[in-house]
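Notes follow the structure.
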Amino acid sequence: MHTIAIDAMGGDFGPEPIIDGLISALKSNNNFTAIAVGKKDELLSLIPQNFLSRIEILDTDDVISMSDSATDALKRKESTIYKAIELVRDGKAGAVVSAGHSGASMSLATLRIGRIKGVSRPAIATLMPTSENQNTLVLDVGANVDSDAKNLFEFAVMGQVYAEAVLQLEDPIIGLLSNGEEESKGNEVTKEAYGLISKVPNFAGNVEGSDIFKGTVDVVVCDGFVGNILLKTAEGVADTIGKIIKKSLKRSLISIAGAVLMRKVFKNLKVRVDYAEYGGAPLLGVKAPVIIAHGKSNPKAIHNAILQAISAASSNLNENIESRLAQYSK
């Protein structure tokens, strides 16, 4: 039975969608309990009586807002995210989920929970939709804005192990994001990283941005600066395409008639690009699962983030990352 720590106050819309998502996850999975960290009076009013036996509330009223500095989190020991991280550090919870300040979550997880042996820097991984019936795992998408070749090598190993242990992919293929497929392409960091990652099985070499959405490889490695721009650009493109389609359909009666037939197609497309379907982004490289959910997460996103945390906690993810890094570093 796993226990998951929940930063219940951290999202943009307060505790209601977070608790609703938690209740939904509890209904669908009987194999975990939760510790919700936040203002006790507010949380109690949102939790049905019959779920109180599976939800413990850790009372605190300090919430780190998005406008606060991530470094402030280390000093604010009564904040919801600090206390949630400490529950994992102290062994009272096996994983943590937060839709709050991502920088605070990353800093506290790295410093308070600690890094896996062999990992220089943790990385945030996220799933990107493809034209095939699969997704591409991309990392890092924001934890590090300036990575060296060794960091990129570690990201490749962590991404491959996560794809195996949590996504249940067999022999996942890795690609290194660059400005061309040839080994000679890229900057000095990616060229050096190419040589290091070459020792990892199923390394396909350099891939271009378009390969992420084609499903050419299973895992794409890049530094957090590039990855974060990639992620936000993809979100913007998906949103723009949706708006263009809606406007185009409104201009023609024929299009409107066709829209009825295409409704299922559009519904499936929305599912593929909706972050709520994936729940959150795992912070790979720390000693316990940390899932960073979107600040605007709805109950469905929180539900899926919690299930993702349980899946990671149930796997041998960290042990496998440590042993794989040791193996390739010989």
Q | Ser98-Asp7 side chain donor-acceptor pair, cut-off 3.5 Å | A | yes

Q.
Is there a continuous path of hydrophobic side-chain contacts, each under 4.5 Å between heavy atoms, that joins Val96 to Leu58?
A. no

Q.
For the CD1 atom of Ile57 and the CG atom of Leu52, what is their distance to the nearest 0.5 Å?
A. 6.5 Å

Q: Before giving the answer on side-chain contact (heavy atoms from CB on, under 4.5 Å), spell out for Val286 and Ile116 the whole-Å C-alpha distance, their side-chain angles and the decisive distance to 0.1 Å.
A: CA-CA 5 Å; Val286 293; Ile116 299 169; 5.9 Å; no

Q: May I have the step-by-step check of salt bridge (Lys or Arg N to Asp or Glu O under 4.0 Å) for Arg76 and Asp62, ending in yes or no?
A: CA-CA 8 Å; Arg76 292 167 61 176; Asp62 183 22; 2.7 Å; yes

Q. So if you build clusters from Ile, Leu, Val, Met, Phe, Trp, Tyr with side-chain heavy-atom gaps below 4.5 Å, do Phe155 and Tyr194 land together?
A. yes

Q.
Just verifying a value: how many Å separate Leu74 CG and Leu108 CG, rounded to the nearest 0.5 Å?
A. 5.5 Å

(Q) If only side-chain N and O atoms count, and only distance matters, is there a donor-acceptor pair under 3.5 Å linking Asn320 with Ser323? (A) no

Q) Hey, does Lys296 have a side-chain heavy atom less than 4.5 Å from the side chain of Phe13? A) yes

Q. So which heavy atom on Ala193 is nearest to which on Ala149, and how close?
A. N-CB, 3.6 Å

Q: Specify the closest pair of heavy atoms between Ser315 and Val166, including all atoms of both residues, with the distance to one decimal.
A: OG-CG2, 4.2 Å

Q) CD/Glu170 to CG/Asn202 distance, rounded to the nearest 0.5 angstrom? A) 10.0 Å

Q | Where His303 and Ala25 come nearest, the two heavy atoms and their spacing | A | ND1-N, 3.3 Å

Q: Starting from the C-alpha separation in whole Å, work towards a yes-or-no answer on side-chain contact (heavy atoms from CB on, under 4.5 Å) for Val290 and Ile113.
A: CA-CA 10 Å; Val290 176; Ile113 298 175; 4.0 Å; yes

Q. Can a salt bridge be assigned to the pair Lys83 and Glu86 using a cut-off of 4.0 Å between side-chain N and carboxylate O?
A. no

Q | Main-chain N/O of Gly280 paired with Gln308 side-chain donor or acceptor, under 3.5 Å | A | yes

Q. Taking side chain as C-beta onward, heavy atoms only, is Asn151 less than 4.5 Å from Asn144?
A. no

Q | Same apolar cluster (I L V M F W Y, side chains within < 4.5 Å links), Leu283/Val37 | A | no

Q) Distance only, no hydrogens: is a donor on one side chain within 3.5 Å (strictly under) of an acceptor on the other, for Lys214 and Thr130? A) no

(Q) Using every non-hydrogen atom in the two residues, find where Ile212 and Thr136 come nearest and quote the distance to one decimal. (A) O-OG1, 2.8 Å

Q) So, the side chain of Glu181 versus the backbone of Glu208: is there a donor-acceptor pair under 3.5 Å, distance only? A) no

Q. Between Glu56 and Lys92, is the closest basic N to carboxylate O distance under 4.0 Å?
A. no

Q: Kindly say whether Arg121 contributes a backbone atom to a donor-acceptor pair with the side chain of Arg115 at under 3.5 angstrom?
A: no

Q. Looking just at side-chain N and O atoms, do Lys191 and Asn187 make a donor-acceptor pair shorter than 3.5 Å?
A. no

Q) Would a 4.5 Å heavy-atom cut-off, applied to side chains only, mark Phe32 and Thr3 as touching? A) no

Q. Would a hydrophobic clustering, with Ile, Leu, Val, Met, Phe, Trp and Tyr connected at side-chain separations under 4.5 Å, put Ile292 with Leu87?
A. no

(Q) Checking Asn30 against Arg54 for the side-chain contact (heavy atoms from CB on, under 4.5 Å) test, could you report, in this order, the C-alpha distance in whole Å, the side-chain angles of both residues, the deciding distance, and whether it holds? (A) CA-CA 9 Å; Asn30 293 318; Arg54 294 179 63 190; 3.6 Å; yes

Q.
Please check this pair: side chain of Glu192 against backbone of Asp148, looking for a donor-acceptor N/O pair closer than 3.5 Å.
A. no

Q. So, for Ile85 and Arg112, which heavy atoms are closest and what is the spacing to 0.1 Å?
A. CG2-CB, 3.8 Å

Q: May I ask you to decide if Gly186's main-chain N or O and Asn179's side chain share a donor-acceptor pair within less than 3.5 Å?
A: yes

Q) When you measure from the side chain of Asp59 to the backbone N and O of Lys40, does any donor-acceptor pair fall under 3.5 Å? A) yes

**Q.** Heavy-atom donor-acceptor pair, Ser314 side chain to Ile310 backbone, under 3.5 Å
**A.** yes

(Q) Under 3.5 Å, is there a donor on one side chain and an acceptor on the other for Asp223 and Ser147? (A) no

Q) Between Arg324 and Glu319, is any pair of side-chain heavy atoms under 4.5 Å apart? A) no

(Q) Can a donor-acceptor pair be found, under 3.5 Å and without considering hydrogens, that links the side chain of Asp218 to the backbone of Ile173? (A) yes

Q) Roughly how far apart are Lys27 NZ and Phe51 CZ, rounded to 0.5 Å? A) 5.0 Å

Q. Tell me, do Leu137 and Thr126 make a side-chain contact under 4.5 Å, heavy atoms counted?
A. no

Q.
Between Asn304 and Lys300, is the side chain to side chain donor-acceptor pair (under 3.5 Å) condition met? List the steps.
A. CA-CA 6 Å; Asn304 288 329; Lys300 183 177 184 179; over 6 Å; no

Q | Nearest-0.5 Å distance that lies between atom CD1 in Ile47 and atom CG in Leu22 | A | 7.0 Å

Q: Take Val217 and Ile174, measure what side-chain contact (heavy atoms from CB on, under 4.5 Å) needs, and give me the verdict at the end.
A: CA-CA 6 Å; Val217 295; Ile174 305 169; over 6 Å; no

(Q) Side chains of Ser65 and His101 only: does a donor on one sit below 3.5 Å from an acceptor on the other? (A) no

Q | Check: Leu43 and Ile19 side chains under 4.5 Å, non-hydrogen atoms | A | yes

**Q.** Atom pair NZ (Lys199) and CD (Gln327), whose distance is rounded to the nearest 0.5 Å
**A.** 10.5 Å

Q: Taking atom CZ of Phe225 as the centre, report whether more than 12 heavy atoms of other residues, nucleotides or ligands fall under 6.0 Å from it.
A: no

**Q.** Beyond-backbone contact of Leu325 with Glu154, side-chain heavy atoms, under 4.5 angstrom
**A.** yes

Q) Mind checking whether Pro48 and Ile23 have side chains closer than 4.5 Å, heavy atoms only? A) yes

Q: For Val97 and Ala309, work out which heavy atoms get closest and say how close.
A: CG2-CB, 3.8 Å

Q: Would you kindly confirm whether Val138 and Met106 end up in one hydrophobic cluster when ILVMFWY residues are joined by side chain heavy atoms under 4.5 Å apart?
A: yes

